[in-house]
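For reference, the structure discussed in these notes is given below.
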Protein chains: 2
Amino acid sequence: MGQQKTAPESGTRESERRRTILRAAIDVFARKGYHGCRIADVAKEAGVAYGLVYHYFKNKDELLETVFETGWSGFIARARAVAESEGPLVEKVRRIADVAFEAYRVDPRAVKVLILEIARSPAGARINRQTAFVDVIRLSAQMFTRAKEAGELRPDVDPLLASALLFGSIEMGLTAFVVGLADARDTAMLERAKAQIADSFLHGVLLGGASASAEPVKPEPAKHELPRGEDPPDVAPLKREKAAPRARAPKRG
Amino acid sequence: MGQQKTAPESGTRESERRRTILRAAIDVFARKGYHGCRIADVAKEAGVAYGLVYHYFKNKDELLETVFETGWSGFIARARAVAESEGPLVEKVRRIADVAFEAYRVDPRAVKVLILEIARSPAGARINRQTAFVDVIRLSAQMFTRAKEAGELRPDVDPLLASALLFGSIEMGLTAFVVGLADARDTAMLERAKAQIADSFLHGVLLGGASASAEPVKPEPAKHELPRGEDPPDVAPLKREKAAPRARAPKRG
DNA sequence: CGGCTGGTTGATTCAAGAATCAGCCAGCCA
DNA sequence: TGGCTGGCTGATTCTTGAATCAACCAGCCG
């Protein structure tokens with residue numbers, strides 16, 4: 001009684017429908033959060049019958065898990081390629097930032113789900129969510145260890161910590177966009193953010209203080225400071241969806 | 001008809017029971033996550049009848065909200081005090097890192113809940129969870145803006161982004177402990193992490209490259225590199241609790 | 001001492017929503 | 001054309017767990 005769920009057709013060409021549903025899931029998760037939405041929402045978003053979701057995915061958890069695997073595995077692969085490549089640390093760090101921001105550019109919703117729902121919260125139980133997160137950090141920690149042996153790193157810098165800090169910076173940088181603190185439509189801002197993350201990180205970590213070819217990527221020196229058009233949009237310019245799913249009976253109102 | 005729930009006695013001396021329950025909630029949330037636990041778990045942990053939880057808290061959400069307010073407001077207050085104080089940026093940044101790590105030292109569980117459940121996830125709907133998070137970033141962004149005007153910051157550094165990066169680093173540094181990547185019982189490691197975060201961040205951001213009085217706090221130059229006793233504990237040394245709450249009927253075999 | 005007050009109990013109620021399943025229908029082969 | 005296959009449907013079932021509430025008890029006051 002095998003699962004005919006995966007790939008009814010040839011290898012990569014999994015059912016069109018399955019992908020539609022997955023896509024819808026990403027969107028809905030991004031909008032309402034994993035716990036804040038019901039399977040019915042996903043089905044509706046996909047324009048598909050409720051039951052069909054269960055035809056393609058064992059349960060809600062597997063849905064999230066799949067979103068995770070799909071998105072994360074791609075990122076890990078790219079990050080690993082960079083981390084294990086040859087070349088100066090400076091380059092690698094910049095390219096890792098590239099990978100992350102490119103992922104965001106291509107599919108912000110997916111990144112949002114990855115960051116908000118999966119990377120942290122003990123939400124979807126199943127897979128090694130945390131483990132996976134930890135994996136990337138380990139991966140890049142090795143990179144730093146090698147860099148350190150090669151004398152590219154300040155000797156007092158702990159590779160593991162450095163790795164954590166790099167991804168912390170990247171993640172929080174992205175979070176700023178995800179959460180709406182910064183305007184994600186502002187491409188220039190994205191570019192600047194990416195550059196600044198790599199730069200800030202490197203200059204603090206590299207052996208030779210503020211040297212090490214600071215501006216290689218962006219041509220403009222320092223065009224605009226706070227790229228958003230208006231001044232700081234009060235408190236939170238984020239979308240602020242419906243975001244109040246639970247709380248059925250307010251006890252004594 | 002008013003809520004006799006809060007503070008049946010004098011102001012600060014809220015019912016002993018209430019605090020017991022709150023404490024239990026923090027512990028259980030930290031262990032299983034907000035969505036992964038039932039009120040019954042909290043009650044059991046507190047050694048208290050199920051119904052009593054509802055005597056002191058309107059509902060599950062309010063419980064999380066209270067955990068949030070309790071923990072976060074303290075942190076914000078301290079962070080604000082630092083950010084708005086007089087003195088060189090270097091000092092302030094170091095003190096902010098202090099505040100965060102001190103909070104962790106005092107009550108790691110609470111910090112875990114704050115980081116994993118509240119700061120990010122669209123979990124507990126109610127309060128401005130995200131807003132609060134955003135607030136701190138704004139707060140420190142102002143600090144950076146002023147620093148920049150005072151010429152303490154590289155001119156090409158965006159204050160908002162810098163702020164995000166600082167907290168990203170701090171948060172991810174803490175997450176490393178929260179998640180078990182690093183051993184939280186290793187006090188030296190905590191100290192080093194704190195120092196390294198501030199240092200790395202500053203040197204990349206400050207006007208004068210790698211200058212600016214690097215080692216003010218820690219006396220030892222570079223004692224141990226990877227402070228954990230053993231070598232990298234495979235994949236994930238984290239507690240790995242039960243962490244598989246959902247998934248009732250596995251459909252077909 | 002007897003009855004009142006308010007913290008405490010936990011079985012019961014109830015709604016949400018995950019998962020199921022009995023079929024429907026479109027395309028295809030004989 | 002008739003019947004078969006398998007993707008697809010969505011009302012129905014079933015489980016979970018939040019929230020309620022009627023009763024209980026300990027101390028206290030009159």
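To find a chain, count down the sequence lines: A is the first, B the second, and so on, and within it residues start at 1.
Aromatic rings of B:F201 and B:F144 (six-membered ring for Trp) have centroids within the 6.0 Å cut-off, being under it.
Atoms CG (B:L63) and P (D:dG17) sit 16 Å apart, rounded to a whole Å. A straight line from CD of B:E62 to C1' of D:dA18 spans 14 Å, rounded to a whole angstrom. Rounded to an integer number of Å, the gap from NZ of B:K44 to P of C:dT9 is 15 Å. In this structure, OH of B:Y34 is placed 13 Å from P of D:dG17, rounded to the nearest angstrom. A straight line from NE2 of B:H35 to P of D:dA18 spans 11 Å, rounded to a whole angstrom. In this structure, CG of A:D61 is placed 13 Å from C1' of C:dA19, rounded to the nearest angstrom. What separates CG of A:L52 from C1' of C:dA26 is a distance of 15 Å, to the nearest Å.
Considering only side-chain N and O atoms, A:Y54 lies under 4.0 angstrom from the phosphate OP1 or OP2 of C:dA19. Residue B:H55 has no polar side-chain atom (N or O) positioned under 4.0 Å from OP1 or OP2 of C:dT8. For B:R17, a side-chain nitrogen or oxygen approaches OP1 or OP2 of C:dT8 to under 4.0 Å. An OP1 or OP2 oxygen of C:dT8 is reached within less than 4.0 angstrom by a side-chain nitrogen or oxygen of B:Y56.
Proximity note for B:V48 (side chain, C-beta onward) versus D:dA18, D:dA11, C:dT9: the nearest is C:dT9. Closest to the B:Y50 side chain, of the nucleotides D:dT9, C:dA11, C:dA18, is C:dA11. Distances from the side chain of B:K60 to the nucleotides D:dA18, C:dT8, C:dA18 place D:dA18 closest. Candidate nucleotides C:dT9, C:dT20, D:dC8 were compared by shortest atom distance to the side chain of B:A49, and C:dT9 ranks first.
Heavy-atom neighbours of B:R23 CZ from other residues, nucleotides or ligands within 6.0 Å: above the threshold of 12.
Looking at heavy-atom distances under 4.0 Å, B:I39 makes contact with sugar-phosphate atoms alone, never a base.
Distance check: A:R138 CZ to A:S163 OG gives 10.0 Å after rounding to the nearest 0.5 Å.
Looking at B:D186, its side chain never comes within 3.5 Å of a backbone N or O of B:D183 through a donor-acceptor pair. Remark: the backbone N or O of B:V99 is not paired with any side-chain donor or acceptor of B:R78 at under 3.5 angstrom.
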